[in-house]
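See structure below.
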Amino acid sequence: MSLSVKSPRSLRCLWRGWRGLSSQGGVMNVFDRSMKRRQKQWASSLLDSDKYDYLRDEVGSRLADRVYDVSRSLPDIVERLFLTDISDSSLRNRKKCEMPTQCVLADEEFLPFKENTFDLCAVLSHNINNTKYPVVVVQIHQVLKPDGVFIGAMVGGETLYELRCSLQLAELEREGGFAPHISPYTAVTDLGNLLGRAGFNMLTVDIDEVQVHYPGMLEVMRDLQGMGESNCAWNRKSLLHRDTILAAAAIYKEMYGNEDGSVPATFQILYMIGWKPHESQAKPAKRGSANVSFADLSKISKFPTDPQKS
Amino acid sequence: MSSSNVWSRSRARMRLFPELLAQCSGEAAAYGKCVASTTTGKQELTKNMCVKEFEALKSCFQSAAKKGVK
């Protein structure tokens, strides 16, 4: 991202590609955090690990667009950029950037930053493991300055529904029952609650769908593994029968395949923007202070009378 | 990795899977149609409901694997 020198105020950014989750009292511990870290380490140690970055690059560029769209007078110089991640080898693999960057190996639940440190926090969590989002969002709210902005992207409810359904049907037909192979996702309706409870104002949530076409089901699974997104829930089954894989691949192609033989995989990305409260932000108007009525809406198409017409 | 262990061998076997499956596209489509029809019909999908189509697919797959993909 190229920035122009305009204001002397500096911008401190926190850019997080966070993965993995840990336990905390009162919140369900669904995912095995150390397994997730091992998966991320393995994925970034692959020789061709940047082959699997296409989804992250796409979501990252759409997220960066939203950073540009934030129309508040954010300072134009990025003084320092902090990159945090749960796996140190993916931090080492990062691309070079012209902003002065600092890498922090951090657990998203215990951000090692003082309160009120950051102007902007951009979180790209395109990984599928996100039940600890409430805790993370509260942490982010704390480290942001008042009137700081949080821009996040995460995968939502309809992601990989083709894979999920094919595996479910295959296991049902072959084995008589099925186990969850795909992590649960957040629905878009829950996001507003989540951010509101954490204390963010002026929320904006929107949905984007990225559909990627693959030759077959196994390529989908191999790419997910290469991205470091393999299942790490505690209740995961440790094996998938050969017959079930065969059955699921046949079902996937038959139910969802395209004419040219490829199969689609859908990633539903939810983007959200929230602001830490500050006096300068617009507040809801007081009850009873309205001076126009909805009934006047029909008059909008008429020209307004010019009061200075003589 | 220079050494060959069970993980690299099983990954190599899995890499052949798509090509072998491509040789049995007819049987795969028949099996897929059988399962897909249960999602729209009144009866629920139970175990071995499409066992005939699956056995045909599996034997085609196994013979393709025996012939070997060189």
Side-chain angles (χ1 to χ4, degrees), chain A residues 38-39 42-43 45-48 51 161-179 213-226 230 238-263 265, chain B:
Chain A
R38 281 206 297 276
Q39 286 169 356
W42 178 84
S45 68
L46 292 173
L47 290 171
D48 53 357
K51 242 192 353 182
Y161 71 90
E162 303 101 340
L163 185 61
R164 183 165 31 105
C165 291
S166 311
L167 281 172
Q168 210 163 302
L169 289 171
E171 271 190 297
L172 208 50
E173 202 275 325
R174 287 287 89 222
E175 297 170 37
F178 60 89
H213 293 266
Y214 293 91
M217 188 186 87
L218 275 196
E219 283 80 358
V220 177
M221 289 166 72
R222 196 174 336 137
D223 270 20
L224 289 172
Q225 196 183 37
S230 311
S238 48
L239 90 101
L240 190 58
H241 291 286
R242 263 181 297 202
D243 288 358
T244 311
I245 297 182
L246 183 56
I251 295 172
Y252 201 140
K253 184 158 248 160
E254 178 56 35
M255 281 180 71
Y256 304 106
N258 305 319
E259 281 95 31
D260 62 353
S262 64
V263 295
Chain B
M1 276 202 292
S2 51
S3 68
S4 151
N5 53 35
V6 63
W7 303 113
S8 54
R9 280 197 295 274
S10 60
R11 281 209 192 99
R13 267 206 298 273
M14 285 306 283
R15 272 194 277 275
L16 298 175
F17 187 104
E19 296 166 44
L20 298 176
L21 185 58
Q23 297 180 30
C24 303
S25 51
E27 286 87 348
Y31 176 72
K33 281 198 180 64
C34 170
V35 174
S37 63
T38 63
T39 60
T40 49
K42 287 218 183 68
Q43 42 180 215
E44 278 182 21
L45 183 62
T46 54
K47 186 171 177 186
N48 287 331
M49 203 171 234
C50 299
V51 63
K52 266 202 334 258
E53 289 85 352
F54 184 74
E55 291 301 327
L57 172 61
K58 189 167 171 184
S59 52
C60 166
F61 193 82
Q62 281 172 337
S63 52
K66 276 201 192 82
K67 271 190 300 209
V69 181
K70 289 285 184 275

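Numbered from 1 within each chain, the chains take letters A, B, ... in sequence-line order.
Looking at B/Ser25, neither its backbone nor its side chain comes within 4.5 Å of chain A, counting heavy atoms on both sides. Proximity to chain B (any heavy atom under 4.5 Å) is shown, for A/Leu246, by both the backbone and the side chain.
Between A/Tyr161 and A/Tyr256, the ring planes lie perpendicular to each other; the angle is over 60°, past the 30° to 60° tilted range.
Note on B/Met14, B/Glu27, B/Lys58: by heavy-atom pairs under 4.5 Å with chain A, the leading option is B/Lys58.
Screening residues 213-225 of chain A for salt bridge (Lys or Arg N to Asp or Glu O under 4.0 Å), with sequence neighbours left out, gives no hits.
The distance from atom CD1 of A/Ile251 to atom CD of A/Glu171, rounded to the nearest 0.5 Å, is 10.5 Å.
Evaluation of the side-chain contact (heavy atoms from CB on, under 4.5 Å) rule for A/Ala247 yields A/Ala170, A/Arg174, B/Tyr31, B/Phe54 as partners, not counting sequence neighbours.
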